[in-house]
Structure formats: structure tokens, C-alpha cells
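A, B, ... follow the sequence lines: proteins, then strands. Residue 1 opens every chain. Computed from a prediction, not measured in an experiment: that's the story for all the values here.
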Amino acid sequence: MYVLIKDLPQHIGQEVTLRGWLYNKRGHKKLRFLILRDGTGLCQAVCFRPDLDEAAWNAADQATQETSLEVTGVVNPVDEEHHAPGGVELAVGSVRLVQVPADDYPITPKEHGVDFLMRNRHLWLRSQRQWHLIRLRNEVIFALRKFYYDRGFVCFDSPILTGAIGESAGSLFELEYFDLGSAYLAQTGQLYQEAAIMAHRNTFCFGPTFRAEKSKTRKHLTEFWMLEAEMAYCSHDESLQLQEDMVVYVVRWCLEQCGDALAEVGRDLAPLERAAEGRFERLLYRDAVKLLQKKGSDIQFGEDLGAPEETILGAEFDRPVFVCNYPRAVKAFYMKRNPDDPETVLCADLIATEDHGEIIGGSAREDDIDLLMERIAQEGLPAESYEWYLDLRRYGSVPHAGFGLGLERLVKYVGGLPHIREACCFPRMMEKLYP
RNA sequence: UCCGGCGUAGCUCAACGGUAGAGCGGGUGGCUGUUAACCACUAGGUUACAGGUUCGAGUCCUGUCGCCGGAGCCA
């Protein structure tokens with residue numbers, strides 16, 4: 001009977017067959033411990049020579065790291081002191097090799113450098129830490145989709161190939177598009193979400209986005225997944241509440257569902273448990289500048305927050321913090337002018353704790369067509385390209401708001417990861433296109 | 001793009017300007033309960049590349065390439 005390792009505790013005393021790969025091997029003359037991996041977990045398979053026929057023993061002997069194989073044996077419980085993974089082990093009766101690698105498996109049970117591991121990302125994925133991180137990412141994705149589905153949001157996927165539209169033209173991947181000149185890989189799906197909500201009220205898109213910026217930091221990818229939510233008849237404050245609820249929901253979900261993964265990567269749970277309580281501070285940009293100056297930063301009103309400022313703020317609060325209402329000049333043209341403080345716009349960035357930095361950026365959108373056209377002109381953007389976008393203000397414009405969440409940044413934060421590359425399946429960075 | 005750092009065995013790293021080494025992985029042998037198993041033996045090198053200084057360069061200098069970290073930009 002073929003069984004998955006995760007289901008072994010339900011088969012104690014039975015003879016089962018595991019199909020997987022050899023993760024590691026230890027042994028004596030008459031006793032071999034095969035650590036098997038089958039994609040659902042790890043299992044120790046014990047080969048005791050007198051219990052195996054010659055062929056099976058030789059097979060166990062020949063299996064090297066990452067040999068694919070089938071192992072049949074009886075499932076036994078394991079006492080505390082031997083602590084095998086999963087609390088069970090397999091008393092092996094027979095072994096069948098599927099494929100034995102001709103060359104040594106490159107990733108050994110010792111330490112490796114980042115460059116080497118990234119070049120072997122396709123194999124690195126099999127390692128325990130990476131396996132758990134992809135599981136964590138999977139749970140974050142599921143929690144996000146469930147959060148929006150439960151609230152009646154419609155998944156409306158924005159196009160990935162676009163004309164020259166977006167926040168800025170300096171960081172777009174450009175490609176030839178038949179006879180229509182250049183197309184660009186989308187940097188954001190937001191403008192399309194604004195069209196979508198006029199049809200569906202509340203929508204989100206969740207897909208890859210592309211930034212051609214030559215960033216070399218632990219927070220940047222050139223290809224990353226972004227969830228962008230947009231809500232019609234929604235105030236800025238209501239948007240902030242939704243963002244907070246979303247982060248709280250995901251963090252709680254992961255605390256409940258991903259204990260193994262969080263333990264595997266050594267995540268300090270205390271900051272997550274505080275975040276799971278909600279009550280994120282909403283700090284005005286004006287106050288943030290004063291606070292930062294008090295903490296030794298030489299930031300002036302009117303300047304955007306840089307990485308050092310994010311670090312200070314991340315350390316100042318014990319849970320994620322919203323920085324609200326930035327000066328108009330440093331933010332995108334579509335953000336709504338703050339009626340109470342016209343120098344600023346109604347927007348917010350969510351800064352995570354422990355130097356994980358910005359994980360959400362959002363705003364109320366300018367719904368007044370005249371103000372919007374004024375801003376498009378100020379930014380020197382090609383007005384023709386935005387005609388359809390302006391139509392959204394011409395035909396039943398309503399107050400609305402939305403935000404974008406960086407998936408890998410959220411996974412990095414939840415997992416407490418030192419670098420964003422581990423939050424992504426095959427990270428794309430400036431110097432990384434292989435594998 | 002800018003600033004800083006690094007490049008030595010398949011991998012991770014040592015080596016004062018003076019004979020290139022260890023651990024892991026591989027191979028051979030030993031061991032009936034291992035936990036990144038252990039013990040013994042063994043193979044494995046154009047010290048990133050190109051110049052230069054020096055009696056002598058892995059080490060110092062110049063250039064190129066590659067990578068890492070940070071900045072800007074952002075999620």
C-alpha cells in the first residue's frame with residue numbers, strides 16, 4: 001500500500017510503501033538509517049541486515065543522497081529518546097531504487113554560500129528550511145484569498161502586458177508588441193482595479209508584477225507577487241482598517257497553521273503575537289518626521305522616508321505601524337488630496353517590525369477629474385494614455401481607495417527572514433535569471 | 001548607477017610576502033540505534049582572469065569579470 005509520510009501515524013503496525021527520495025543516510029555494518037523525503041515530510045527508515053534480503057540490503061547500500069526510491073516496511077512508533085521525525089519510523093523489509101544519481105548531489109548537509117545555493121535553487125528547494133518556507137508562502141496566499149473571498153471581494157485580474165501606464169516610466173520592462181510599438185510588463189494593476197470596482201464594488205488582483213529598477217537590497221525583487229485591493233465608496237480610514245484586518249488575519253492564520261515552519265526557521269513569535277492583536281498605530285507623516293528628528297534623523301518635511309527612517313520606525317513600535325498622509329510631491333498622481341491639509345495626500349504605508357520595512361502602500365484615489373488632470377499634467381504624463389482612466393471620473397465617479405501588498409515582503413515578515421529571496425520560489429533579481 | 005567587502009579542492013573556509021591545508025561531500029575499510037552519526041585510510045588545486053612589483057605573490061599594486069552587503073527607488 002502506497003502511503004504518504006504525513007499519513008504514517010494512521011498506519012502504525014501496517015506494512016506500507018513510501019515513494020520518495022533519500023534525504024540523508026547514516027549507518028553501521030548491519031544497520032542503516034535512511035532518512036526519506038516524499039514531499040509531505042521526513043521519515044526514518046531502519047534497515048537491519050538480517051531482516052532484508054541481499055538485493056534490498058545492496059539497494060539500501062547503493063542509495064546516495066537524493067536517490068529516488070521505494071521503501072516497504074512496517075510502521076513502528078518511536079520512543080522519545082530516539083526522537084525520529086513524526087514520532088514513527090519504518091522497519092524496512094525491501095528497497096527498490098528508482099534512479100541513483102550518477103554524480104554527487106551538490107547540496108551537502110553542511111553549510112553553503114548564497115551564490116551557490118541560488119545557482120542550485122532548483123535543488124535547494126528540497127532542503128527542509130526551503131520546503132517549510134514554500135509551505136508558509138502557500139498558507140499566506142491561501143489566507144489572503146480566503147480573507148477576500150469571505151468578504152465578498154471579486155478576484156479581477158489586471159493585465160500583465162500594458163501600454164505606457166503606471167506610476168513611473170523609468171523602471172519598466174519593455175518588449176515589442178506586434179505593430180503597436182512597445183508594451184510593458186505591469187508594475188501595478190491598480191488603475192485597472194479602479195475600473196473593476198465601478199462594476200463589482202470591491203475587487204482585488206493577485207499576480208506577478210515587474211520592476212526593472214536596479215535595486216540590490218534584501219527587500220527587492222524584479223518580479224514579485226502583489227495583491228492589490230480596491231474598494232468603491234470607501235474612505236481612507238476604512239481602507240486602513242481593512243489593511244489591518246488583513247494583516248491580522250494572515251498572521252493569526254500562520255500562527256495557527258504554520259507552527260512547524262515558524263519553528264524550523266527560528267521565528268521569534270512574540271512580535272507576531274502582538275501583531276495578531278491588531279490595534280496598529282496610525283502615525284501622521286508630519287508627526288513621524290518630528291519623531292524621527294527626535295531620534296536623530298535629519299529628515300525634513302517634504303522628503304520621502306528612506307530605509308534608515310523605516311528602520312527607526314520599525315524599532316519604535318511593537319507591531320506594524322501606518323505612516324499616513326505624505327506630502328503630495330513625493331507620492332503618485334492618483335492619490336487624493338487631503339482636504340484638511342492640502343499639502344498632503346490621503347495615503348499610508350504600513351511599516352513592519354524588526355526592520356522588515358514597508359509591506360503595504362495604499363491611498364484614497366483622487367475622484368475629482370479636474371484635480372486628477374492637473375496632477376497628470378504636473379507629472380508630465382501622456383494624457384492620451386489616461387483617457388480611459390479619466391472616463392472612470394467622467395461616468396459616475398465615487399470616493400474610493402485601495403492598496404498594494406507585497407506577498408514576498410509579507411512572507412519575509414511573517415517568517416522573520418533575513419532576505420526576500422527565500423520568500424520566493426525562483427527569485428528574479430538584477431543578477432539572477434538562472435535557474 | 002553609486003559606496004563598501006569578497007573571490008583558494010565539488011561545497012564551507014584556513015594559510016605573517018617564504019613547501020597550498022582542514023571539515024563536509026566522494027571512494028575504501030570498521031561499528032546493531034544513528035540524529036549535520038562516529039573512527040581510520042584515500043583521491044581531489046592553472047589560488048576568478050590579465051598584467052605589474054619582488055630573489056620569491058594565494059597574500060602587495062592596476063585593470064577586467066563575478067558575487068555579497070548597503071544606498072536610491074519601491075511592495
Among residues two or more places apart or on two chains, list those pairs meeting ring pair (Phe, Tyr, Trp, His ring centres under 6.0 Å) that have a residue in residues 108-128 of chain A.
-> His112(A)-Phe116(A)

Residue pairs passing the side chain to side chain donor-acceptor pair (under 3.5 Å) test with at least one member in residues 95-106 of chain A, sequence neighbours excluded, are Glu70(A)-Arg96(A)

Should the pair Asp355(A)-Arg218(A) be classified as a salt bridge under the 4.0 Å nitrogen-to-oxygen rule?
-> no

Specify the residues of residues 295-312 of chain A, ordered by number, for which at least one heavy atom lies under 4.0 angstrom from an atom of RNA chain B.
-> Asp304(A), Gly306(A), Ala307(A), Pro308(A), Glu310(A)

Near RNA chain B, under 4.0 Å by heavy atom, which residues of residues 410-417 of chain A?
-> none

Would you mind listing every ring pair (Phe, Tyr, Trp, His ring centres under 6.0 Å) that reaches into residues 21-45 of chain A, with sequence neighbours excluded?
-> none

Could you list all N or O pairs between the protein and nucleotides 10-12 of chain B that sit under 3.5 Å apart?
{"unit_1": "C11(B)", "atom_1": "O2'", "unit_2": "Glu111(A)", "atom_2": "O", "d": "3.3"}
{"unit_1": "C11(B)", "atom_1": "O2'", "unit_2": "His112(A)", "atom_2": "ND1", "d": "2.3"}
{"unit_1": "U12(B)", "atom_1": "OP1", "unit_2": "Gly113(A)", "atom_2": "N", "d": "2.9"}
{"unit_1": "U12(B)", "atom_1": "O4'", "unit_2": "Glu111(A)", "atom_2": "O", "d": "3.2"}

For residues 131-141 of chain A, which residues have at least one heavy atom under 4.0 Å from RNA chain B?
-> none

Residues in contact with RNA chain B, drawn from residues 423-435 of chain A - heavy-atom cutoff 4.0 Å = Glu431(A), Lys432(A)

Sorted by chain and residue number, the salt bridge (Lys or Arg N to Asp or Glu O under 4.0 Å) partners of Asp61(A) (sequence neighbours excluded) come out as Arg32(A)

Taking N or O atoms only and anything under 3.5 Å, show me the protein contacts with nucleotides 26-30 of chain B, one pair per line.
{"unit_1": "G26(B)", "atom_1": "O4'", "unit_2": "Asp104(A)", "atom_2": "OD2", "d": "3.1"}
{"unit_1": "G30(B)", "atom_1": "OP1", "unit_2": "Lys29(A)", "atom_2": "NZ", "d": "3.4"}

Identify, with sequence neighbours excluded, every residue that meets salt bridge (Lys or Arg N to Asp or Glu O under 4.0 Å) alongside Glu408(A).
-> Arg137(A)

Between atom CZ in Phe210(A) and atom C1' in C74(B), what is the gap in whole Å?
-> 16 Å

What is the minimum heavy-atom distance between Glu228(A) and Gly189(A), and which atoms define it?
-> OE1-N, 2.7 Å

Base C73(B) paired with Ser171(A) side chain (donor-acceptor, <3.5 Å) = no

Selection: residues 351-367 of chain A, any non-hydrogen atom under 4.0 Å of RNA chain B = Glu358(A), Ile359(A), Ile360(A), Gly361(A)

